[in-house]
K.L.:
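The structure is given below, and queries will be raised subsequently.
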Amino acid sequence: MRVAEAWRVALDALRANRLRSLLTMLGVVIGVAAVVALVAIGTGTKQLIERQVEGLGSNLLIVVPGKLTAGAAPTSSPMTLEDADAVSRVVGDRSRVAVTIASGETVRAGSRSAFASMQGVLETTPSVFVRTLARGAYLTRADVSTGRRVAVLGAGVARTLFGDRDPIGRQMTIGGVRFRVIGVFEQLGQSLGVDRDGEVHVPVTAAQRLLGTDRIDGLAIRAPDRDRIDQLGADVVATLTDRHPDTDFSAVTQEQILGVLGDILGVLTGVLAAIAGISLLVGGVGVSNIMLVSVRERTKEIGLRKAVGARPRDIGTQFLLEAVLLTTTGGVLGMLLGAATALIVDGLSPVPAALTWWSMALAFGVSAAVGIIFGVVPAQRAGKLDPVVALRTE
Amino acid sequence: MTPAVVATEVTRTYQLDGFTVPALRGVSLTVEPGDYLAIVGTSGSGKSTLMHLLGGLDRPTSGTLLIGGRDVGALTPNELADLRNSTIGFVFQSFHLLARTTAQDNVGLPLVYRGIGRRERRARAATMLERVGLAHRIAHRPNQLSGGEQQRVAIARALVTGPSLLLADEPTGNLDSATGQSILTLLESLNAEGVAVVLVTHDREVAARADRQILMKDGLIVP
Ligand SMILES: Nc1ncnc2c1ncn2[C@@H]1O[C@H](COP(=O)(O)OP(=O)(O)OP(=O)(O)O)[C@@H](O)[C@H]1O
Ligand SMILES: [Mg+2]
């Protein structure tokens with residue numbers, strides 16, 4: 001029929017049982033809201049990670065011991081500064097190679113203290129990664145070669161230890177050893193879940209002495225040429241494997257890191273969305289159930305409509321529209337709820353969330369589909385009712 | 001002129017828990033255009049079953065049934081629905097009005113299935129309600145109407161499509177005799193305009209007003 005009339009009748013039927021309609025919708029509302037919110041959080045996190053990995057600088061090769069795949073346990077590094085020198089020779093430019101040895105240490109200045117991530121590094125770090133100073137100067141080659149006890153502070157550490165005072169030239173201790181502050185980084189925020197304003201950079205040699213080791217954790221290379229980045233990575237890995245035959249090494253690019261992280265996030269988002277989808281399914285079963293009840297309640301009405309000339313299809317359409325109206329209204333409410341949840345999470349928690357049109361459209365489409373799928377059996381049952389039998393029911 | 005209905009040796013049996021219940025056992029009947037026919041008989045004699053067949057709500061188990069010259073047994077469910085809509089008006093003993101719907105929209109309901117727009121439906125329904133003397137009750141819902149008024153609404157609904165055959169199964173059964181009289185008067189005035197009227201009644205006096213009477217017993221017409 002006469003679709004406008006069918007909509008009117010469906011709407012009327014839902015209005016007549018407001019509370020029941022609302023409760024029936026609830027399953028769909030929650031399912032759709034969960035899908036929208038979870039996809040938003042997944043997308044937001046992914047975008048954030050992409051920005052941050054790209055923010056590290058371009059043409060970056062990270063060299064670490066072990067294999068970098070999702071789920072591989074970190075391997076302890078056998079690398080030393082001599083390996084870094086060997087890698088520099090492969091690259092052909094020492095200023096393109098950075099190393100790191102990291103350790104969590106308590107830092108103190110006067111009565112104030114903080115827990116910071118001490119990073120033993122070369123003076124090349126700012127030219128490999130994107131790091132800019134707010135004040136003072138960075139480490140020099142001489143600082144590194146003599147193991148001088150000087151430190152460059154992350155913005156957060158500087159604020160905690162020195163407040164509004166200028167930290168440059170002041171004394172502090174790292175793990176109980178005295179250092180002199182020579183520089184402060186610009187505020188960075190988080191990167192890959194690490195608070196980078198909590199870093200303290202010191203010469204790698206000084207860090208090694210403090211930690212009583214001559215190892216380094218890993219190194220990073222800014223490749224001179226994007227096209228040959230894979231070849232360079234292979235050469236570096238070959239050199240390192242030569243020097244440490246018992247250890248696997250990996251050289252990964254930003255794209256590969258993004259790929260691995262993206263895979264993990266994708267699987268995670270998918271699993272969460274699937275769980276949310278199950279609640280949508282349960283909601284659909286509820287719709288089916290209530291529609292069967294509705295058909296039974298309105299058997300007489302169906303008989304009467306048929307007696308005055310409704311075709312089976314007219315009756316079927318009416319009930320199918322009722323189911324679809326139920327689930328799409330639930331879908332719209334769920335979309336709003338999911339979007340609101342995502343915005344609140346994004347605004348009030350450190351978890352980022354980005355709403356995507358496709359997830360909203362998908363959720364709405366799925367809720368309409370749920371209405372059709374779970375409404376079709378009750379609708380067919382209504383359409384096939386024998387008018388005489390229907391009119392006789394009490 | 002084609003007879004409104006021609007039934008030839010029509011039977012209708014129901015299956016009930018494996019038993020066969022013969023409700024009609026071979027009924028032949030012709031309703032001419034403009035007829036005024038009363039069907040009487042004891043309870044369970046098959047009157048309602050026959051009415052449902054005459055109105056195309058049901059199909060015969062055997063025999064042939066022509067409504068407006070068309071063989072009901074050969075029609076698809078859709079064609080039968082359209083036939084009901086275009087040629088039959090049904091009035092039920094228990095009115096069968098939609099509860100949440102106004103008198104006007106109840107009357108307009110058959111026009112929905114003709115694809116007629118709401119404005120036009122309401123206009124025609126208003127005319128019909130005026131015709132049955134309910135112009136002042138147009139916006140009332142069934143629970144705001146008396147039994148007699150509800151039956152008038154049901155009659156208006158049966159007439160709104162301009163049917164050639166009006167079937168009324170005990171239309172006065174639920175009404176007091178004065179109200180019943182006015183309903184009968186209404187039906188008779190419609191008959192006078194050329195609509196064939198078939199009504200089922202238990203009331204001998206009511207039956208006596210018809211042009212023809214048919215007595216049913218045990219699923220057969222008693223001559
Ligand atoms: N759906 C059904 N299933 C089984 N038997 C039925 C069914 N409908 C009617 N019958 C039987 O068919 C017979 C005729 O019923 P019908 O309703 O036509 O009688 P009636 O003459 O209208 O009676 P009343 O005057 O009480 O309305 C009855 O014996 C009844 O029990
Ligand atoms: Mg009866």
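Here is the naming used below: chain letters follow the sequence lines, and residue numbers restart at 1 for every chain. For clarity, every value in this text was computed on a predicted model and none was experimentally measured.
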K.L.:
Check residues 86-98 of chain B and write down every donor-acceptor pair under 3.5 Å in which the side-chain atom is one partner and the other belongs to a residue at least two apart or another chain.
P.N.:
| unit_1 | atom_1 | unit_2 | atom_2 | d |
| --- | --- | --- | --- | --- |
| B/Ser86 | OG | B/Asp82 | O | 3.0 |
| B/Ser86 | OG | B/Leu83 | O | 3.3 |
| B/Thr87 | OG1 | B/Leu83 | O | 2.9 |

K.L.:
Where on B/Arg121 is there a heavy atom nearer than 4.5 Å to chain A: the side chain, the backbone, both, or neither?
P.N.:
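Just the side chain, heavy atoms under 4.5 Å.
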K.L.:
Around B/Glu130, counting heavy atoms of other residues, nucleotides and ligands shown, do more than 12 lie under 6.0 Å from its CD?
P.N.:
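For B/Glu130, atom CD is not crowded (no more than 12 foreign heavy atoms under 6.0 Å).
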K.L.:
In sequence, state the C-alpha distance, the side-chain angles, and the governing distance for A/Arg305 and B/Leu109, and then conclude on side chain to side chain contact (heavy atoms under 4.5 Å, CB included).
P.N.:
CA-CA 8 Å; A/Arg305 285 179 182 272; B/Leu109 186 66; 3.4 Å; yes
K.L.:
Taking CZ in A/Arg296 as the centre, count heavy atoms belonging to other residues, nucleotides or ligands within less than 6.0 Å. Is the count above 12?
P.N.:
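Incorrect, the count does not exceed 12.
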K.L.:
Does CZ belonging to A/Arg381 count more than 12 external heavy atoms closer than 6.0 Å?
P.N.:
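It does not: A/Arg381 CZ has 12 such atoms or fewer within range.
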K.L.:
Tell me whether B/Asn78 contacts the main-chain N or O of A/Arg311 through its side chain, where contact means a donor paired with an acceptor under 3.5 Å.
P.N.:
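No, because the side chain of B/Asn78 does not come within donor-acceptor range (under 3.5 Å) of the backbone of A/Arg311.
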K.L.:
Highest number of heavy-atom pairs under 4.5 Å with chain B: which of A/Ala16, A/Ala310, A/Pro387?
P.N.:
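Of A/Ala16, A/Ala310, A/Pro387, A/Ala310 has the most heavy-atom pairs under 4.5 Å with chain B.
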K.L.:
Rounded to the nearest 0.5 Å, how far apart are CG of B/Leu111 and CD of A/Glu5?
P.N.:
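Reported to 0.5 Å precision, the distance equals 10.5 Å.
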K.L.:
Minimum heavy-atom separation for A/Arg392 and B/Ser48, please, with both atom names.
P.N.:
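Between these two residues, the closest heavy atoms are NH2-CB, 4.5 Å.
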K.L.:
What is the distance from atom CG of A/Asp386 to atom CG of B/Leu57, rounded to the nearest 0.5 Å?
P.N.:
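The CG atom of B/Leu57 is 8.5 Å from CG of A/Asp386, to the nearest 0.5 Å.
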K.L.:
Mind checking the CG-CG spacing from B/Asn85 to A/Asp314? Nearest 0.5 Å is all I need.
P.N.:
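If I round to the nearest 0.5 Å, the distance is 9.5 Å.
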K.L.:
Quick check for you: to the nearest 0.5 Å, what is the distance between A/Arg8 atom CZ and B/Asp105 atom CG?
P.N.:
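The CZ atom of A/Arg8 sits 8.5 Å away from the CG atom of B/Asp105.
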